[in-house]
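Quick notes on the structure that follows.
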Amino acid sequence: MTCVAKLAMTSRHLHNTVMDQLVDKNTALDALRETVGSRGWLDTTEDLEGYVTEWRGLWRGQCDMVISPASTQEMSRVVAICADAKLPITPQSGNTGLVGGGVPHGGIVISTRRMSTVRAIDTVNNTISVEAGCILADIQIAADHAERLFPLSLAAEGSCRIGGNLSTNAGGIQVLRYGNARDLVLGLEVVLPDGRIWDGMTGLRKNNTGYDLKHLFIGAEGTLGVITAAVLKLFPKPKRRATAIVGARNVDNTLELFTRAQSDLGDMLSAFEYANQFSMEQVFKYSEGMNNPLSEVYPAYAFLELSNLRSDNSAQARLEETLAGALEDNIILDAALAQSEAQAKAFWSLREAIPEAQGHAGASIKHDVSVPISKVAEFIHHACELVTAELPGIRPSTFGHFGDGNIHFNLSQPEGMAPAEFLAKWNHFNKLVHDYVASLNGSFSAEHGIGELKIKDVERYNNSVGIDVMQTIKRALDPTNIMNPGKVLPDS
Ligand SMILES: Cc1cc2nc3c(=O)[nH]c(=O)nc-3n(C[C@H](O)[C@H](O)[C@H](O)COP(=O)(O)OP(=O)(O)OC[C@H]3O[C@@H](n4cnc5c(N)ncnc54)[C@H](O)[C@@H]3O)c2cc1C
């Protein structure tokens, strides 16, 4: 056979293989349409737009179709079809994630939006069983109607869905008292990458029957399966809360106040958040209707909340007492206690407005890090020195979940600098900050996850044995790598 004839055969073979794959893919897409019915799929460019774009426009991907199963059985069939056709799946819930984890690069998006039923509430067992597409705020409301509290709370709660919250092990403002999403789960239901359903929907508080599989899927960002339902813990509903905003001289004093508040107030202290002067100045300047409740602007701010199961004024009184003592001992400079529920909400709006207000200062390089609580002040001081030495005029907006040791260390560009020139330094500043965090035994990703943004950091900061174990688990559950490929783990 001549070379030319051989080449012609090879190219025909390649052409046939590509055609076979296309036929397979189109057959699979048809089977998916049929499985979920006309209300369960979208495929026009216009309809796909919201699913292929990260909400801030930082990432843009593409997919062939969005599939929204209406039940666990449908989800199982959908995933089995994709497994057969080796069609990549990107699970998506509210698409509010901050690390690009829900952005597809080919294949299909599986949306949980049509699985939004609260299956059961048990007020004796203190549990709520929900489908993965329930919006977080709706779960809070359902718990509230049953005179219970579901404590997971974050600024995106009106649009994020519990499947996404669990897949990112979300944190928020009440971790201090109630823990992360992981701590709030008793049972889980997951469709595995081959389409099988793992039913772990137990509401048991004790269950030592082998590996605790639910923890594999929580925080896995959709790389090991699709979470379809969960049994969540409920708590007694606080009857009253006391909320305060505090001004301090510096972050060391804020840490001193935190330690004192913890020992004075114990479990009643449900939130302790922090913001630096620059963060709050941006809010006062740019967020509509948000004024400084304190008499002047301070270098450091703290937001405290106490939850009380009693309907009397004792939480208010105890918070007042703690803050009065701190003022007297010169630990803090000023404080305002909310006098009504509306005022408490207004205080929290100030805290929640920070990320948006920071946008008005131009381009921003972000870090979501954690260090031991005892090191938070040291971290903020030294990290600010490091970045300022590197680029004079840089403006750190430091804020976040102080009581969990989780600081959002965001850097606004120097005034007058071109945004693109500043953003070109993203990796450089990430390395500078994350190296320092690592030296304090901290984490480069405290609550937002890895997605596609931080895979390089997984390689740099996680030890090789840990990465190897994760890759082994991934290969065992998802040998053809169809579940959210390119996210969380470096390729093995
Ligand atoms: C204003 C604002 C404030 C925020 N504050 C916080 C905060 O305080 N604390 C915090 O932790 N986060 C915060 N976030 C980030 C984000 O809201 C959380 O990560 C949230 O938990 C994501 O939920 P989602 O439903 O939007 O998930 P998505 O963005 O849709 O998905 C997130 C990841 O989970 C995967 N996934 C989604 N659903 C499933 C499923 N059913 N099964 C398997 N995998 C799935 C996706 O593939 C993706 O990798 C904030 C975001 C915004 C916009």
Side-chain angles (χ1 to χ4, degrees), residues 54-58 92-102 134-141 143-144 149-181 184 241 243-245 270-276 278-280 282-290 293 301-305 307 338 341-361 364 366-370 397-410 412 445-449 451 453:
E54 190 253 7
W55 63 278
R56 295 163 298 184
L58 290 185
Q92 214 179 79
S93 284
N95 198 15
T96 68
L98 296 168
V99 289
C134 285
I135 289 182
L136 175 56
D138 291 343
I139 300 176
Q140 295 165 348
I141 291 168
D144 189 73
L149 172 77
F150 181 61
L152 188 65
S153 175
L154 39 131
E157 64 199 23
S159 17
C160 60
R161 297 173 190 264
I162 195 70
N165 300 141
L166 300 183
S167 299
T168 54
N169 185 25
I173 58 169
Q174 300 204 87
V175 173
L176 180 63
R177 165 75 180 81
Y178 299 99
N180 287 306
L184 304 174
R241 61 177 181 166
T243 309
I245 180 167
S270 49
F272 190 106
E273 299 276 308
Y274 160 81
N276 72 345
F278 175 64
S279 306
M280 295 314 297
Q282 288 295 110
V283 171
F284 301 145
K285 202 161 159 192
Y286 293 109
S287 304
E288 216 180 299
M290 304 226 181
Y301 283 77
F303 298 79
L304 286 79
E305 186 155 289
S307 304
E341 193 59 21
Q343 205 173 23
K345 278 197 178 124
F347 285 3
W348 281 117
S349 305
L350 292 170
R351 160 68 185 84
E352 283 166 8
I354 295 171
E356 202 272 329
Q358 199 209 347
H360 293 272
S364 156
K366 299 183 194 300
H367 305 89
D368 160 40
V369 300
S370 64
S397 168
T398 62
F399 65 96
H401 316 300
F402 197 97
D404 314 327
N406 173 196
I407 297 299
H408 300 310
F409 188 77
N410 292 352
S412 285
S445 180
E447 64 173 9
H448 297 156
L453 178 67

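In this chain, numbering begins with 1 at the start of the sequence shown.
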Nearest 0.5 Å, what's the CG-NE2 distance between N406 and H448? 7.0 Å
Does Q92 reach the main-chain N or O of G102 with its side chain, forming a donor-acceptor pair under 3.5 Å? yes
Donor-acceptor pair, distance only, cut-off 3.5 Å: does the side chain of R241 make one with the backbone of E341? no
Heavy-atom pair of closest approach, residues N180 and G171: OD1-CA, 3.6 Å
Taking every heavy atom of A170 against every heavy atom of L152, the minimum-distance pair comes out as O-CD1, 3.8 Å
Taking salt bridge (charged side-chain N to carboxylate O under 4.0 Å, His left out) as the definition, give me every residue that meets it alongside E356, ordered by chain and number, with sequence neighbours left out. none
Where do L176 and G403 come nearest, in terms of heavy atoms and distance? CD1-O, 3.4 Å
Quick check against the 3.5 Å criterion: does E157 have a side-chain atom that pairs as donor or acceptor with the backbone of L154? yes
Look at the side chain of H367 and the backbone N and O of F409, then say whether any donor-acceptor pair between them is shorter than 3.5 Å. yes
Contact summary for A181 and L166, nearest pair of heavy atoms: CB-CD2, 4.0 Å
Backbone N or O of L98 within a donor-acceptor pair of the W55 side chain at under 3.5 Å? no
Assign the ring pair F272 / F402 to parallel, tilted or perpendicular, where the plane angle (0 to 90°) is split at 30° and 60°. tilted
Atom pair CG (N165) and CG (L136), whose distance is rounded to the nearest 0.5 Å: 5.0 Å
Do any N or O atoms from the side chain of S153 and from the backbone of I173 form a donor-acceptor pair under 3.5 angstrom? no
Got a donor-acceptor contact below 3.5 angstrom from the N95 side chain to the E54 backbone? no
Please verify the inter-ring angle class for H360 with Y286; under 30° counts as parallel, over 60° as perpendicular, anything in between as tilted. parallel
Using 0.5 Å steps for rounding, measure from the OG1 atom of T398 to the CD1 atom of I407. 6.5 Å
Flag the pair P151 / L184 as yes when at least one side-chain heavy-atom distance between them is below 4.5 Å, and no otherwise. yes
Quick one: does S93's side chain have a donor or acceptor within less than 3.5 Å of a partner on G164's backbone? yes
Quick one: pull up CZ in F347 and CD in E305 and give me the separation to the nearest 0.5 Å. 11.0 Å
Let me see the working for H408 and Q358 under side chain to side chain contact (heavy atoms under 4.5 Å, CB included), right down to the final yes or no. CA-CA 12 Å; H408 300 310; Q358 199 209 347; over 6 Å; no
Interatomic distance, M280 atom CE to I245 atom CD1 [nearest 0.5 angstrom]: 5.0 Å
How about I162 and F150: do any of their side-chain heavy atoms sit closer than 4.5 Å? yes
Show your working on side chain to side chain contact (heavy atoms under 4.5 Å, CB included) between S445 and D368 and close with a plain yes or no. CA-CA 5 Å; S445 180; D368 160 40; 4.2 Å; yes
Within the structure provided, determine whether Y301 and L350 are in side-chain contact (heavy-atom separation under 4.5 Å). no
Contact between E447 and H401 at the side-chain level, heavy atoms closer than 4.5 Å - yes or no? yes
Rounding to 0.5 Å, atoms OG (S397) and CG (N410) come to a distance of 5.5 Å
Looking only at atom types and distance, does a side-chain atom of Q174 sit under 3.5 Å from a main-chain N or O of Y178, one as donor and one as acceptor? no
Closest heavy-atom pair and its distance - E352, A155: CG-CB, 4.0 Å
